[in-house]
Amino acid sequence: PVPRTVYSNHWAVRVPGGPERAAQLAAKYGYLNMGQIGNLENYYHFYHSKTIKRSTYSSPGRHNFLQMDPDVDWVQQQLIKKRVKR
Amino acid sequence: HLRLDPNLLYFNDPIWSNMWYLHCSDKSSRCRSEMNVMAAWQRGYTGKNVVVSILDDGVEKNHPDLIHNYDPFASHDVNGDDQDPSPRYDASNENKHGTRCAGEVAASANNSYCIVGIAYNARIGGIRMLDGDVTDVVEAKALGIRPDYIDIYSASWGPDDDGKTVDGPGPLAKKAFEDGIKKGRKGLGSIFVWASGNGGREGDYCSCDGYTNSIYTISISSTTENGYKPWYLEECASTLATTYSSGAFYERKIVTTDLRQRCTDDHTGTSVSAPMVAGVIALALEANPMLNWRDIQHILVKTSRSVHLRAPDWRINGAGRRVSHLYGFGLVDADAMVVEAKKWRTVPPQHVCIGASDKRPRFIRADQLIRTTTQTNACADHSGQHVVYLEHVVVKVTISHPRRGDLQINLISPSGTKSQLLARRTFDYSNEGFKNWEFMTVHCWGEKAEGEWMLEMHDIPSQLRNPETQGKLKEWTLILYGTAEHPYNPFSFHHARAKALDLSAGDMEPSKVAFFQSHLEFEEEDEYSGPCHMECGDRGCDGPGSEQCLNCVHFSLGNVKSGRKCVSACPLGYMADVASRRCRRCHRGCEACFGRGQNQCSSCKRGFYLQPESNTCTTSCPAGAYSEESLRRCLKCHQNCKKCLGYPDKCVVCRDGFSLSGSMCVPDCEPGTFFNVALMKCDKCHATCQSCVGTGKDQCTQCAKDFHLHDWRCIPTCSHGFYSDDVPGLPHRICRRCEENCLICEATGKNCIKCKEGYSLLSGSCVTNHTCNNADEMFCEMVKSSKLCERKLFIQFCCRTCMLAG
């Protein structure tokens, strides 16, 4: 069987407007802003508690609004990757 | 070379004596100290002021062997979003992995506890990121923790090594790698060390792991104590170097720290190899903290050695370096690393030359080799991109294919170095192909980039496939990384000053040596003041040609009689004698060799095949091996195969207990079961089958008692138009078709009982109603007298008309 894609309730979002704008956007669309992703400038980690934690379907719906916001460059719902210790 | 004094470096750590891969204190036991770690320690390098972090499932920071070197600033918990990387404890000690890796790097020395880390004075931290859902965000966060503080990130994980996965970093992780390389260590670049993979038993190939296959990671593989390929090891062209790790049951293992403040010598796989190299790099960084990320890779390439590591594919690339798909450039040498690091001058800037994408679609026909070439000037017309001397080479491909695992891809450089970018993967049945997948090779390191590059693709079906669905190479792009100047000997014009020919006295008779020396002493020549050939060494030259050098940067080729010239690498048929910087002719039949003897070949000329056990080149291969045409070597058939043709798993005869399934030898299963290749286990046949090739009722090969085989199904009775028949040697009956146009026939099948519409029964056969309706009486007499109607072959011959006519 082909492994199925598993979607999480975390998103990566690129907001060129800076951390404040990212916080505003997260609040506006109902996400929790988990802050900048490591050292990657303008990339933020959003979390949505009302989305299923692990799903084989992506969650468009309300998340499309975030994607359509003019202050957002790029959005990616996070896939759960199978990683194996060697 | 330092003379090692084992007494000088004695540690009271209880398991120190078991660290066979670091020292040879006991002269009675086998010695495996080729990694030369103690020699580096004796020079005073132990990892001081170097920070290493382990990306894994956490690090037990209060382990007595780690607590002294533990660095909270080199640590983070991505899973728990806090600063404490302590592992989550459970009954099965699932999260022991990071702690084991950490010990290999920086376990304290002389603290009477467990072991001694390779960089036992380095600072060690842990980034806990594997104990939870791993996403692109999680990986990107982990790879970017304090890049100005952490020098080396060591990771011993990756996508599944199941032989069917093709996966790598997502866009954020890729960006984190790039950012680390560009900005980490205050611009010198973060060092990412990666374990090559444990999928050897599953036939996995590490080029399908985008982390080890990345130019930003240092991919490390493993060898066993005796220099054999460990059962778990994956091969690929992006592996840079190797360390010892665990092997067969009779070979010694690696010892390290373990969860709950313990020590362990459990099987380690490839996982400890990455931290071992992280430790060695820490020693090099202590020797020279200004080394950038590419300096480290260059030093590893330059100092790693093939020593006694046994690989069937060791070959010398166009820059004179021995490289293999199992071990990269060989076993790491900590002492050589620190010596090189100390005197290292930063390599010239990295240039990237991206070739034009070739988008001409090409079908990849089964069992045929397709080749496509591209000619490149390596961006000679763009000074900021011009690559003269190669580092990494990437081939980006888009391929559609009905069964990805059947594909094999090679890249051949202008110097003739063949890198296997992808080997066949028996378990990879995906039809997804490759979409912009970047295959990377380090095998051309140091070669010249300009010239013709060839991509070879071979599709060898491992199972029956629909012949109408073919693979297609849709697009490929060559990406060259390297430098415009020579990385170690920047181009300079030499003046002929010294007048000593670079002739090895060992190559000449004493009288000739004396003659040459005296001749040179008294000979007066016009001094040449022009530029020397770039292969000339520091003594200068007598003219611009490569045959006019007074000594060579790399190797001299030829002899006194025929004349000598300097070359960057020895041509085929010669070996590079590094000590004397000479190219020496190999034995007849050898294409490359490590000595001049008959049994010192490492690759063979056309028409000869290398026997790895004896290192000889012969014209045929022994039993149990087959001649691999492209590699020109005898390779062993798959362990389940008794005889194979062309490929190890293209078996024609199987070992006892195995039977052929296509060209594979699969284990024999109990009656009523079959070997399910996807699940790798025996599975039940349909209840009507006695043996089968699948679970379906139409996949029977033999039927259960009282059933008849018909069109791969087992049915209780034969349908109309068929009769039941015995077949000698088969336990069941089969349904045979009645003769043509017969609807129902006798049980023997000989005589028809009822014909199809439009046919009439005549002497047990069916004849068409319309055949021969104009036979006259005389003709019918002839038919009758010749008894044609009694002979089936002629029964259609007017018989019915004649019968009707009386």
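Just so it is clear, the values below take in all heavy atoms, side chains as well, and ignore hydrogens, waters and symmetry mates. Nothing here was measured: the structure is a model prediction, and the numbers come from that model. Note on naming: letters A, B, ... go to the chains in the order of the sequence lines (proteins, then strands), and numbering restarts at 1 for each one.
Counting only distance, with no hydrogens or angles, the side chain of R86(A) and the backbone of A195(B) share a donor-acceptor pair below 3.5 Å. Distance alone, capped at 3.5 Å, is enough to place a donor-acceptor pair between the K85(A) side chain and the E94(B) backbone. Of the possible donor and acceptor atoms, none in the side chain of H45(A) sits under 3.5 Å from a partner among the backbone N and O of V137(B).
The part of L79(A) that comes within reach of chain B is its backbone (N, CA, C, O), which places non-hydrogen atoms under 4.5 angstrom from that chain. Both the backbone and the side chain of N95(B) come within contact range of chain A, with heavy atoms under 4.5 Å apart. For D179(B), the part lying under 4.5 angstrom from a heavy atom of chain A is the side chain only.
Per-residue counts of heavy-atom pairs under 4.5 Å with chain A were compared for L143(B), D161(B), I145(B), D56(B); the largest is that of D161(B). Counting heavy-atom pairs under 4.5 Å between each of P147(B), G144(B), A155(B), S156(B) and chain A puts S156(B) at the top. Most heavy-atom pairs under 4.5 Å with chain A: of the set P159(B), S196(B), G158(B), this distinction falls to G158(B). Ranked by heavy-atom pairs under 4.5 Å with chain A, the list C101(B), G98(B), P171(B), G184(B) is led by P171(B). Of the listed residues A140(B), G269(B), G197(B), S273(B), the one with more heavy-atom pairs under 4.5 angstrom with chain A than any other is G197(B).
Look at D133(B) and R54(A) and you find a salt bridge, because one of the NZ, NE, NH1 or NH2 atoms lies within 4.0 Å of a carboxylate O, short of that distance.
Note that CD1 of I37(A) and CD of E139(B) are 12.0 Å apart. Values are rounded to the nearest 0.5 Å. Interatomic distance, CE of M34(A) versus NZ of K141(B), reported as 5.5 Å (0.5 Å rounding).
By the neighbour-count criterion of 12 heavy atoms within 6.0 Å, atom CD of Q83(B) is densely surrounded, having more than that number from other residues, nucleotides or ligands. Around atom CG of L32(A), more than 12 heavy atoms belonging to other residues, nucleotides or ligands sit under 6.0 Å away. By the neighbour-count criterion of 12 heavy atoms within 6.0 Å, atom CD of E41(A) is sparsely surrounded, having that number or fewer from other residues, nucleotides or ligands. Shown here is Y89(B), whose OH atom has more than 12 heavy atoms of other residues, nucleotides or ligands within 6.0 Å.
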- prompt: Going through the checks in order, is the side chain to side chain contact (heavy atoms under 4.5 Å, CB included) test met by Q78(A) and L172(B)?
  reply: CA-CA 11 Å; Q78(A) 291 298 291; L172(B) 298 169; 4.2 Å; yes
- prompt: Should I80(A) and V134(B) be marked as a side chain to side chain contact (heavy atoms under 4.5 Å, CB included) after you check the CA-CA gap, both sets of side-chain angles, and the distance that decides it?
  reply: CA-CA 6 Å; I80(A) 295 170; V134(B) 181; over 6 Å; no
query: Going through the checks in order, is the side chain to side chain contact (heavy atoms under 4.5 Å, CB included) test met by V84(A) and W157(B)?
result: CA-CA 5 Å; V84(A) 179; W157(B) 51 267; over 6 Å; no
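With R83(A) as reference, D167(B) is the one residue of T135(B), D167(B), D160(B) to meet the side chain to side chain donor-acceptor pair (under 3.5 Å) rule.
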